[in-house]
Enquirer: 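Take a look at the following structure, please.
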Amino acid sequence: MRIGVVTFPGSLDEVDAARAVALAGAEPVSLWHGDQDLRDVAAVVLPGGFSYGDYLRCGAIARFAPVMTAVRQAAHDGLPVLGICNGFQILCEAGLLPGALTRNRHLRFRHRDQWLRIETAGTAWTDSYEAGQEIVIPLKSGEGCYVADPDTLAELAASGRIVARYLGENPNGSLDDIAAVCNETGNVVGIMPHPEHAVEMLTGPSTDGLGFFTSVLKHLTGAETTGVPA
C-alpha cells in the first residue's frame, strides 16, 4: 500500500511521517509541493513544520501549492488525508476541514507529551482505536488554538466529528478542548499533536501514535470499517 507524504518548503516532519507509514506496514512515497498528481498513492499525509515560513498565516500559502489541487480533488473523492500540526492548519486553510488554528492563547510555544482522549474511532485514521481511549503523544506548536463559530462547534459535536480532545490542562486554549477534527465523511482528519513521533519507544513517550497509520491501512483494505464517524 502506497501512502504519500507531502513536503512543502519549510516542512520539518516528513521523514518522521514516512517512517511511521513504514512502521505501520505501508510504502511511503515522497510527494513534492509542486507535484501535479499524487502518483497513485492510496492516502496522503501532510506533515508538520513551517510551510513557506508560516508567513501570512500558517498554511495560508501552502493551500495554493500545486499538489493541493490534487489533494483537494482526491479528498472530495474519498482519498484518506491526514494533516498533522502544520498539515492540520493547511487542511483548514484549504477548506477541507472547518475552523481555523490561531496562536496559542498564552502566546507561548508549547512542547510537551500530551494526553488525549479519542472521541471518534470511526474515521479512516482512528479505526484502530476505541472511543474513549486515552493516549499520549507529543505536542509542539505555537499556533495550535482551534477556533470555530458556535454553530460549527455544535455541528461538529452533534455529528461525531470531534476526533480527539485534550486531557488535563488545555495546552493552547482550543475551544471545547479540541485536538483533532474530521470532515463529514471521515476520510480527512486534522490533528494538532504529533502521532508520528510516538510510534516506537526508542524516540517517543509511547507507541500510541502508530494507530493513526495502522487505521488507514485497515480502512483501505476494508477491514471492518465504514470511514464514517460513529
Side-chain angles (χ1 to χ4, degrees), residues 1-35 38-39 41-54 58-59 62 65 67-68 71 79-92 97 101 109-116 118 123-129 135-144 163-164 166 171-172 179-180 188-220:
M1 195 71 68
R2 290 159 53 87
I3 297 181
V5 179
V6 179
T7 298
F8 299 91
S11 294
L12 291 176
D13 298 322
E14 67 270 35
V15 174
D16 302 76
R19 179 169 176 77
V21 166
L23 287 172
E27 176 189 354
V29 177
S30 296
L31 299 174
W32 185 238
H33 67 102
D35 287 346
L38 301 180
R39 299 174 57 190
V41 297
V44 165
V45 177
L46 305 184
F50 304 90
S51 60
Y52 299 91
D54 280 352
C58 299
V67 73
M68 287 304 298
V71 169
L79 183 84
V81 179
L82 175 66
I84 304 169
C85 195
N86 192 216
F88 187 7
Q89 296 157 343
I90 294 169
L91 290 175
C92 290
L97 290 175
L101 284 306
F109 191 91
R110 182 59 55 87
H111 183 196
R112 70 185 192 192
D113 295 335
Q114 178 65 50
W115 282 95
L116 307 176
I118 300 296
T123 80
W125 297 94
T126 55
D127 204 37
S128 292
Y129 299 100
I135 65 173
V136 59
I137 61 177
L139 171 80
K140 50 172 189 173
S141 55
E143 300 192 27
V163 174
Y166 296 112
N172 46 38
V188 180
V189 170
I191 182 168
M192 184 49 55
H194 289 258
E196 81 280 17
H197 294 331
V199 294
E200 52 189 345
M201 290 308 299
L202 178 65
T203 55
S206 70
T207 59
D208 291 348
L210 190 60
F212 282 84
F213 302 94
T214 58
S215 289
V216 75
L217 296 183
K218 184 178 178 183
H219 172 82
L220 291 169

Enquirer: Could you tell me if the side chain of Val5 sits less than 4.5 Å from the side chain of Glu196, heavy atoms only?
Expert: no
Enquirer: Okay, side chain of Asp35, backbone of Val67: is any donor-acceptor separation there less than 3.5 Å?
Expert: no
Enquirer: Donor-acceptor pair, distance only, cut-off 3.5 Å: does the side chain of Glu143 make one with the backbone of Asp54?
Expert: no
Enquirer: Is any side-chain heavy atom of Pro47 closer than 4.5 Å to a side-chain heavy atom of Asp16?
Expert: no
Enquirer: Mind checking whether Tyr166 and Leu139 have side chains closer than 4.5 Å, heavy atoms only?
Expert: yes
Enquirer: Asn172 side chain to Gly144 main-chain N or O, any donor-acceptor pair under 3.5 Å?
Expert: yes
Enquirer: Can you give me the closest heavy-atom contact between Pro28 and Ala26, atom names plus distance?
Expert: CD-O, 3.4 Å
Enquirer: Where is the tightest heavy-atom contact between Ser206 and Val136, given as atom of each residue plus distance?
Expert: OG-O, 2.7 Å
Enquirer: State, to 0.1 Å, how close Pro205 and Asp113 come at their nearest heavy-atom pair, and which atoms those are.
Expert: CB-OD2, 3.4 Å
Enquirer: At what distance, to the nearest 0.5 angstrom, does CD of Gln114 lie from OG of Ser141?
Expert: 9.5 Å
Enquirer: Under the ring-ring contact (aromatic ring centres under 6.0 Å, His included) definition, can you give me all pairs with a residue in residues 189-208, not counting sequence neighbours?
Expert: His194-His197
Enquirer: Search all heavy atoms of Ala17 against all heavy atoms of Val45 and return the closest pair with its distance.
Expert: CB-CG1, 4.2 Å
Enquirer: Report yes if the side chains of Leu23 and Phe213 come closer than 4.5 Å at any heavy-atom pair, otherwise no.
Expert: no
Enquirer: When you measure from the side chain of Arg39 to the backbone N and O of Arg2, does any donor-acceptor pair fall under 3.5 Å?
Expert: no
Enquirer: Working to the nearest 0.5 Å, report the span between OG1 of Thr126 and NZ of Lys218.
Expert: 10.0 Å
Enquirer: Apply side chain to side chain contact (heavy atoms under 4.5 Å, CB included) to Ser11 and Asn86, showing your working.
Expert: CA-CA 8 Å; Ser11 294; Asn86 192 216; 5.6 Å; no
Enquirer: In the structure I gave you, are the side-chain heavy atoms of His33 and Met68 within less than 4.5 Å of one another anywhere?
Expert: no
Enquirer: Within the structure provided, determine whether Met201 and Thr207 are in side-chain contact (heavy-atom separation under 4.5 Å).
Expert: yes
Enquirer: Look up atom CG in Leu217 and atom CE in Met1, then write down how far apart they are to the nearest 0.5 Å.
Expert: 6.5 Å
Enquirer: Show, in sequence, the C-alpha distance, side-chain angles and deciding distance for Leu12 and Phe50, and conclude whether the side chain to side chain contact (heavy atoms under 4.5 Å, CB included) test is met.
Expert: CA-CA 7 Å; Leu12 291 176; Phe50 304 90; 3.3 Å; yes
Enquirer: Under 6.0 Å between ring centres: does that hold for Tyr129 and Phe212?
Expert: yes
Enquirer: Can you tell me if Ser51 uses its side chain to pair, donor with acceptor, with the backbone of Gly10 under 3.5 Å?
Expert: no
Enquirer: Would you say the side chain of Pro80 lies within less than 4.5 Å of the side chain of His219, judging by non-hydrogen atoms?
Expert: yes
Enquirer: Any idea which heavy atoms bring Ile3 and Val44 closest together, and the distance?
Expert: CG2-N, 4.5 Å
Enquirer: Quick one: do Val189 and Leu82 satisfy side chain to side chain contact (heavy atoms under 4.5 Å, CB included)? Show the steps, please.
Expert: CA-CA 5 Å; Val189 170; Leu82 175 66; 4.0 Å; yes
Enquirer: For Leu220 and Ala42, which heavy atoms make the closest approach, and how far apart are they?
Expert: CD2-O, 3.5 Å
Enquirer: Report the distance from atom CG of Leu46 to atom CG of Leu91, rounding to the nearest 0.5 Å.
Expert: 5.0 Å
Enquirer: Between atom CH2 of Trp115 and atom CG of Asp208, what is the distance when rounded to the nearest 0.5 Å?
Expert: 6.5 Å
Enquirer: Does Ile137 form a side chain to side chain contact (heavy atoms under 4.5 Å, CB included) with Ile191? I'd like the steps, not just the answer.
Expert: CA-CA 11 Å; Ile137 61 177; Ile191 182 168; 4.2 Å; yes
Enquirer: Would you find a donor on one side and an acceptor on the other, under 3.5 Å apart, between the side chain of Trp125 and the backbone of Val188?
Expert: no
Enquirer: Could you check if a side-chain atom of Pro193 sits within less than 4.5 angstrom of a side-chain atom of Leu116, using non-hydrogen atoms only?
Expert: yes
